[in-house]
Amino acid sequence: MTESTFLPIPDRPNFPEEETKTLAYWKEIDAFQESLRQSKGKKPYNFYDGPPFATGLPHYGHILAGTIKDVVCRFAHQRGHHVERRFGWDCHGVPVEGIIDAKLKIKGRADVLNMGIDKYNEECRAVVLQYTQEWRNVVERFGRWIDFDNDYKTMDLSYMESIWWCFKELFDKGLVYRAFRVMAYSTALSTPLSNFEVQLNYKEVSDPSIIVQFKRTDKENSWLLAWTTTPWTLPSNMALCVNPEFDYLVLKVKSSGQEWVVGKDRFAWVCSCTKMDQEADFELLDTVKGATLVGIGYEPLFPFFKEKCAHNKDKVWHVISDKYVTASAGTCIVHQAPAFGEDDYRACVKFGVIEKDGTGMIQPIDEAGCFTADVTDYKGMHVKAADKDIKEALKKNGNLLHNGNEVHNYPHCWRSETPLIYRAIPAWFIKVEDARDKLIANNNQTHWVPSFVKEKRFHNWLMEARDWCVSRNRYWGAPIPLWVSDDFEEVVCIGSVAELEQYTDRKITDLHRHFIDDITIPSKQGKGVLKRVDEVFDCWFESGSMPYSSKHYPFENKEDFENGFPAQFVAEGLDQTRGWFYTLMVLSTHIFNKPAFQNLICNGLVLAADGKKMSKRLKNYPDPMDMCNQYGADAVRMYMCNSPVVRAEPLKFKEEGVKDIVKDSSFR
């Protein structure tokens with residue numbers, strides 16, 4: 001009897017059991033590492049794997065992207081290439097800090113400082129890799145070959161040193177600057193966010209929509225009408241802004257004798273809000289251009305800052321003008337709180353209401369988004385919570401004409417899920433706007449699947465790229481390596497451990513804040529000593545430096561990196577067009593004037609069966625390991641790879657789809 005080469009095939013194979021046998025065999029023969037040993041010395045195929053956080057378990061989005069990476073890397077290996085595949089971990093930032101804040105009931109910066117940054121950071125270090133074994137179990141159970149033993153971690157000394165090198169390269173090219181700007185700000189995290197982070201999490205919300213009347217000081221019983229969706233900014237009002245080219249109506253309210261000033265194009269809307277008739281309830285006194293209103297004074301709504309602003313009384317609480325005022329909403333008169341609006345800030349600087357560096361600005365909000373003691377009536381209240389009380393005060397004082405609500409899309413913090421505010425704050429930026437043409441040119445050298453993501457979504461994002469705020473007012477992260485004088489006029493950027501060791505008598509073994517913040521650098525300009533700035537890096541800067549930092553370039557592996565850059569292949573989800581893909585492109589363009597990758601596969605988002613976002617709390621999707629154990633990893637992989645999700649379209653994950661793959665694959 002002839003002996004068969006293969007084991008007999010059962011009529012109804014149990015795919016999960018067969019997979020576990022295969023996995024056991026791979027482990028027995030050390031298949032993955034053996035494949036790398038056998039391909040050593042062959043032409044490399046370079047692949048970058050973006051680092052996930054290890055503070056949660058992998059979901060279908062991770063499994064999908066991992067499957068695509070596995071397929072492409074295996075194919076490259078079978079075509080005769082040596083394919084290094086190292087797993088990486090994003091170790092810093094809010095996901096880790098959030099765990100510690102909840103554990104230790106940390107409410108804000110004061111709690112961290114009282115505890116000590118050293119103790120706080122070590123608490124973070126202790127939990128940062130708590131799910132690494134679970135990740136390894138899931139990834140390996142789904143059949144992906146990747147090296148967990150030779151991984152990289154963004155908290156390692158070698159990785160952080162290369163981050164510093166990247167930043168110093170930009171600093172030496174004049175691409176780093178500090179500015180006082182109105183930026184999206186997370187009150188939950190007490191830190192500004194970059195412009196692309198703002199785009200990650202818009203939600204439809206209902207906010208106040210109120211019309212407020214401001215009493216003129218130059219004319220008896222005459223009022224300027226303004227509209228806002230942020231009542232909490234009204235105590236910080238410093239001016240009213242009109243469009244100099246718009247027509248404004250001066251009207252007499254027949255029932256009260258009051259005089260109103262309102263934009264002509266928005267008068268009908270004001271009447272609908274106040275339930276008044278344009279003809280029957282008003283007498284038109286005059287029609288004037290916005291430019292003629294400039295300089296008119298008015299009484300502030302609240303008394304909190306009268307004394308503080310007395311020195312600039314000829315500028316503060318007057319009408320100014322700017323063409324950013326539109327007729328698409330409101331009254332064509334915009335209330336100006338320069339501490340909380342980018343256009344407000346610019347317009348108020350132009351008219352001398354405040355100085356360019358923020359001098360003279362009213363900003364009674366602390367780091368957690370709560371009113372300070374300057375605003376006595378609302379001291380300690382979070383700004384959003386104060387809206388109701390502020391509206392009641394306006395009504396009591398006769399300033400509230402309309403109290404309504406507006407449903408609109410509003411940005412939320414992508415980490416804490418809380419509404420963002422806009423706040424003037426000093427921060428460190430990398431110039432990007434001046435490099436738009438280079439970014440687009442480098443993007444044109446790359447090949448994307450599907451191509452429309454590159455040609456439309458990513459291209460359009462690069463065309464409007466803004467300077468990148470890379471500083472975060474946090475603790476557990478890679479410190480920004482800038483040492484400055486008290487007036488910020490003398491700045492020293494450190495680019496390596498060796499360079500920092502020149503200024504201390506100890507060996508540097510860790511670059512986290514609590515190991516280096518005490519180090520000072522003697523001033524060369526007679527300014528005493530330079531101290532490190534308080535901020536740490538945006539974690540997107542850390543992951544964007546992955547091509548260099550994962551290899552400790554240029555301190556090690558210099559020739560290996562330069563021969564393999566840019567990578568032949570990267571792959572992640574559609575959301576990374578404004579995340580990792582973008583930061584990879586910005587840093588590689590600034591440092592090498594090259595794209596960081598040649599080829600990219602962008603998958604869509606995996607949603608719950610009802611089309612909603614998958615939620616652990618709602619339990620609206622089947623557990624990946626349950627699917628794996630019931631139907632097999634290959635069934636799940638094949639189901640996703642045969643769907644539109646690999647073409648950057650969304651997939652509504654349904655268990656029936658996985659079950660159908662098994663049915664179609666069964667031997668009959």
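Everything quoted here is computed from the prediction, not taken from an experiment.
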Set of residues satisfying salt bridge (Lys or Arg N to Asp or Glu O under 4.0 Å) with respect to E204, sequence neighbours excluded: none
Contacts of F305 that satisfy ring pair (Phe, Tyr, Trp, His ring centres under 6.0 Å) - sequence neighbours left out: none
Pairwise side-chain hydrogen bond (donor to acceptor under 3.5 Å, both in side chains) hits with a residue in residues 262-281, at least two apart: none
Closest heavy-atom pair and its distance - K613, L607: CA-CD2, 4.4 Å
Parallel, tilted or perpendicular: rings of Y410 and H408 (30°, 60°): tilted
Non-hydrogen side-chain atoms of K315 and F351 separated by less than 4.5 Å: no
Sequence neighbours excluded - salt bridge (Lys or Arg N to Asp or Glu O under 4.0 Å) pairs with any residue from residues 285-301: D247-K289
Qualifying ring-ring contact (aromatic ring centres under 6.0 Å, His included) pairs with a residue from residues 243-268, counting only residues at least two apart or across chains: W260-F282, F267-F282
Side-chain donor-acceptor contact under 3.5 Å, R109 with S190: no
Return all side-chain donor-acceptor pairs below 3.5 angstrom for residues 360-372, not counting sequence neighbours, or 'none' if the list is empty.
residue : atom : partner : partner atom : Å
Q363    : NE2  : A424    : O            : 2.7
D366    : OD1  : A368    : N            : 2.9
D366    : OD1  : G369    : N            : 3.1
D366    : OD1  : C370    : N            : 2.8
T372    : OG1  : P364    : O            : 3.4
T372    : OG1  : D374    : N            : 3.4

Set of residues satisfying ring pair (Phe, Tyr, Trp, His ring centres under 6.0 Å) with respect to Y131, sequence neighbours excluded: none
Residue pairs passing the salt bridge (Lys or Arg N to Asp or Glu O under 4.0 Å) test where at least one lies in residues 384-409, sequence neighbours excluded: D207-K384
By ring pair (Phe, Tyr, Trp, His ring centres under 6.0 Å) - contacts of F458 (at least two apart): W448
N473 side-chain N/O to E535 backbone N/O, donor-acceptor pair under 3.5 Å: no
R472 and E542 ion-paired at < 4.0 Å: no
Plane angle bin for W461 and Y582 - parallel if under 30°, tilted between 30 and 60°, otherwise perpendicular: perpendicular
Which side-chain N or O atoms in residues 209-217 pair as donor and acceptor under 3.5 Å with protein atoms at least two apart or in another chain?
residue : atom : partner : partner atom : Å
S209    : OG   : W227    : NE1          : 2.8
Q213    : NE2  : G398    : O            : 2.8
R216    : NE   : D218    : OD1          : 3.0
R216    : NH1  : S222    : OG           : 3.3
R216    : NH2  : D218    : OD2          : 2.9
T217    : OG1  : G297    : O            : 3.3

Counterpart residues, salt bridge (Lys or Arg N to Asp or Glu O under 4.0 Å), relative to R647 (two or more places apart): none
Under the ring pair (Phe, Tyr, Trp, His ring centres under 6.0 Å) test, residues paired with Y422 that sit two or more places apart: none
